Amino acid sequence: MNLILLGCPGSGKGTQAKNLKENYPLLHLATGDIFREAIRKKTDLGQKVAEYVHAGKLVPDALVLEVVRTRLQTHSGGFLLDGFPRTLEQAQGLDTFLSSRGKHLDWVFYLDLSQAQIIQRLSNRRYCSGCQAVYNLLTRPSASVGSCDLCGGKLTLREDDQPETIRKRLMVYQDLTEPLISYYKANESFLRIDAMETVENIFERIRAILGNRIVQDADQAG
Ligand code: AMP
């Protein structure tokens with residue numbers, strides 16, 4: 001199964017990706033996580049992308065595509081893309097890459113959230129500086145204020161979740177990523193999900209669909 005989680009920053013892609021990973025054998029590729037780790041470890045990639053990530057701008061398509069293709073090239077099973085593609089050029093690059101390898105996308109799940117909700121979620125989001133666990137001051141607070149329930153690390157606001165950068169990221173999303181909704185809608189395996197639903201309800205909807213898909217595959221094989 002090859003899946004994409006599409007949605008604005010803060011729509012809950014990371015949370016659903018975690019649920020999916022725990023329940024299905026999928027390679028999870030979250031380009032934002034890959035870039036943040038590279039920046040933390042000060043790798044060559046980290047040095048190339050830091051300026052873009054910190055400013056809330058998109059990393060150039062060619063570089064993102066290279067990162068994704070390199071990871072998918074050596075992987076034979078299903079995958080889950082989270083935060084990629086983010087531009088039409090990335091989507092087309094992905095299509096070309098997949099068809100060259102005789103693969104295709106099975107589902108695009110689009111988590112839809114209003115702009116007011118996006119700003120509220122992102123400005124209340126906190127990350128653990130130790131294990132990168134994600135919290136939200138309003139909807140998913142840690143048990144003890146300011147520290148991670150899992151490792152005790154300090155909770156911080158991501159540099160690109162500062163109000164000014166959030167505004168920039170939203171403009172970038174509207175200009176460059178929203179066109180992907182029409183691009184993938186033309187594809188029958190597209191599902192819009194209201195991102196205001198609970199985490200559990202959203203996952204149940206996804207699971208119901210993937211469950212059917214597995215049954216259909218088994219029927220066709222039989
Ligand atoms: P995210 O964690 O998905 O919100 O990504 C954080 C930042 O990483 C973004 O604001 C971009 O600077 C960069 N980034 C992540 N994924 C992509 C992508 N597919 N294309 C371009 N830039 C990306």
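Side chains are part of it too, since the values below use all heavy atoms of this structure and drop only hydrogens, waters and symmetry mates. All ligand and atom numbering here is 1-based and tracks the order in the structure. Just so you know, these numbers come straight off a predicted model, no measurement behind them.
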Validation: residues 2-9 side-chain donor-acceptor distances under 3.5 Å, sequence neighbours left out:
unit_1: Asn2; atom_1: OD1; unit_2: Phe79; atom_2: N; d: 3.3
unit_1: Asn2; atom_1: ND2; unit_2: His104; atom_2: O; d: 2.9

I'd like a table of donor-acceptor pairs (distance under 3.5 Å, sequence neighbours excluded) in which one partner is a side-chain atom from residues 47-58, with atom names and distances.
unit_1: His54; atom_1: ND1; unit_2: Ala50; atom_2: O; d: 3.4

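With respect to the salt-bridge test (charged N to carboxylate O, under 4.0 angstrom), the residues Asp161 and Arg169 qualify.
The neighbour count for Gln132 CD, taken as heavy atoms of other residues, nucleotides or ligands under 6.0 Å away, is above 12.
Rounding to the nearest 0.5 Å places OH of Tyr135 at 12.0 Å from OG1 of Thr156.
Listed as neighbours of ligand 1 are Thr31, Gly32, Phe35, Arg36, Tyr52, Val53, Lys57, Leu58, Val59, Val64, Gly83, Phe84, Arg86, Gln90, Arg158, Asp160, Arg169, each bearing a heavy atom under 4.0 Å from the ligand.
Legend: salt bridge (charged side-chain N to carboxylate O under 4.0 Å, His left out) pairs involving residues 12-32, not counting sequence neighbours, sorted by first then second residue: Lys18-Glu22.
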